[in-house]
Amino acid sequence: MDALAEVIGNKSLDFCVLQSSLSSVLGGLGLAAYAAANAVIDMFTVKQNQSSTFPWISINWDACRDDAFEINSGFGANLAALALTPQEVWDATCRVLNLGLPESVVVSKSSLHKRLEQWVTPKTSNATKTESSTDTAHTRPNLANEYIPPSNEIEEAIAQIWQELLGITPIGIHDNFFDLGGHSLLAIQAISRKRDRFGIELSMRSLLEEAPTVGSIAAVIASQKPKSQDLAEITALLSDIHNLSPEEVAQQLQE
């Protein structure tokens with residue numbers, strides 16, 4: 001950002017807009033570095049406006065989606081209500097620019113005050129807790145689909161991750177992440193934890209659109225995990241390579 005300020009500092013511009021995130025306002029478990037980076041953008045904007053001849057504006061965005069992203073039952077009511085379409089992003093940008101004020105602007109499709117109460121300043125319970133006690137998870141809400149428990153190790157691990165993030169138990173294999181109260185920030189955390197747990201690459205799209213249930217995510221993970229036969233072949237190949245001399249390795253590479 002310092003380089004950007006140096007390049008355009010002497011130019012006569014109408015404005016400079018920096019793209020920030022609502023994470024700098026709402027935070028989120030597991031998003032400390034991401035939230036901090038966006039907070040730096042906001043503060044950099046304040047600093048630039050102290051001496052710049054044109055306004056600097058940072059826009060704290062909520063979730064966004066592209067035109068190819070279809071909202072359906074798998075997308076979840078919560079995220080569908082928060083995600084901005086490209087047209088909404090453009091309209092919001094125009095409104096921000098029309099304000100003509102150098103500042104950080106928050107764009108949220110739902111009540112920011114309520115979200116702050118829910119995720120940043122939650123009301124504490126009057127009930128006292130001992131040091132050994134743990135937070136009580138909420139009971140699974142009444143969903144349209146029947147509760148079916150996990151049936152294998154992968155499904156159990158995914159359900160456990162969701163239960164920890166959402167504070168709901170039990171979670172069945174056909175329960176939808178977003179119908180359980182999940183949102184975009186929790187979705188990022190869920191994807192990150194699954195990557196760490198299973199050691200495979202998962203995209204946000206796999207959760208938001210293609211696989212928003214425990215069972216469907218488990219199927220995606222199972223399809224990417226190496227089969228036992230593949231692991232045996234890889235192990236044998238590595239063993240053969242380990243026993244080769246440098247000259248033999250070079251010869252094999254040439255062939």
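Put simply, the side chain of Trp61 reaches to within 4.5 Å of the side chain of Thr93, judged on heavy atoms. In this structure, Ile158 and Phe198 have side chains that are in contact, with non-hydrogen atoms separated by less than 4.5 Å. Looking at Ile8 and Phe54, their side chains come closer than 4.5 Å, going by heavy atoms from C-beta outward. Taking the side chain as every heavy atom from C-beta outward, Arg193 and Leu165 approach each other to under 4.5 Å. A 4.5 Å side-chain heavy-atom check between Val107 and Val89 finds every atom pair outside the cut-off. With contacts defined as side-chain heavy-atom distances shorter than 4.5 Å, the pair Asn145/Asp175 qualifies.
Residues satisfying the side-chain hydrogen bond (donor to acceptor under 3.5 Å, both in side chains) criterion with Asp91, sequence neighbours excluded, are Gln87. Here Glu156 pairs with nothing under the side-chain hydrogen bond (donor to acceptor under 3.5 Å, both in side chains) rule; sequence neighbours left out.
To the nearest 0.5 Å, the span separating CZ on Arg140 from CD1 on Ile168 amounts to 9.5 Å. Once rounded to the nearest 0.5 Å, the distance linking CD of Gln160 with OG1 of Thr169 reads 8.0 Å. Once rounded to the nearest 0.5 Å, the distance linking CD1 of Ile154 with NZ of Lys194 reads 12.5 Å. With rounding to the nearest 0.5 angstrom, the CD1 atom of Ile221 is 10.0 Å from the OG atom of Ser216. Arg95 CZ to Ile59 CD1: the interatomic distance, rounded to the nearest 0.5 Å, is 13.0 Å. Rounding to the nearest 0.5 Å places CD1 of Ile161 at 9.5 Å from CD1 of Ile191.
Residues Val105 and Phe15 fall within the same hydrophobic cluster, defined by Ile, Leu, Val, Met, Phe, Trp and Tyr side chains chained together at heavy-atom separations under 4.5 Å.
Other residues, nucleotides and ligands place more than 12 heavy atoms under 6.0 Å from the CG atom of Asn98. Atom CG of Asn10 has 12 or fewer heavy atoms from other residues, nucleotides or ligands within 6.0 Å.
Remark: the backbone N or O of Asn49 is not paired with any side-chain donor or acceptor of Ser52 at under 3.5 angstrom. No donor-acceptor distance shorter than 3.5 angstrom exists from the side chain of Thr45 to the backbone of Trp56, with no hydrogens or angles considered.
Between the side chains of Asn38 and Asn60, no donor-acceptor pair is found at a separation under 3.5 Å.
Minimum heavy-atom separation, Tyr147 to Pro149: OH-CB, 3.5 Å. Across Pro150 and Ile173, no two heavy atoms sit closer than the pair CA-CG2, 3.5 Å. Contact record, Pro212 with Trp162: O-CH2, 3.3 Å, taken as the closest heavy-atom pair.
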- Under the side-chain contact (heavy atoms from CB on, under 4.5 Å) criterion, do Asn176 and Leu143 qualify, and how do the steps go? CA-CA 9 Å; Asn176 185 293; Leu143 303 177; over 6 Å; no
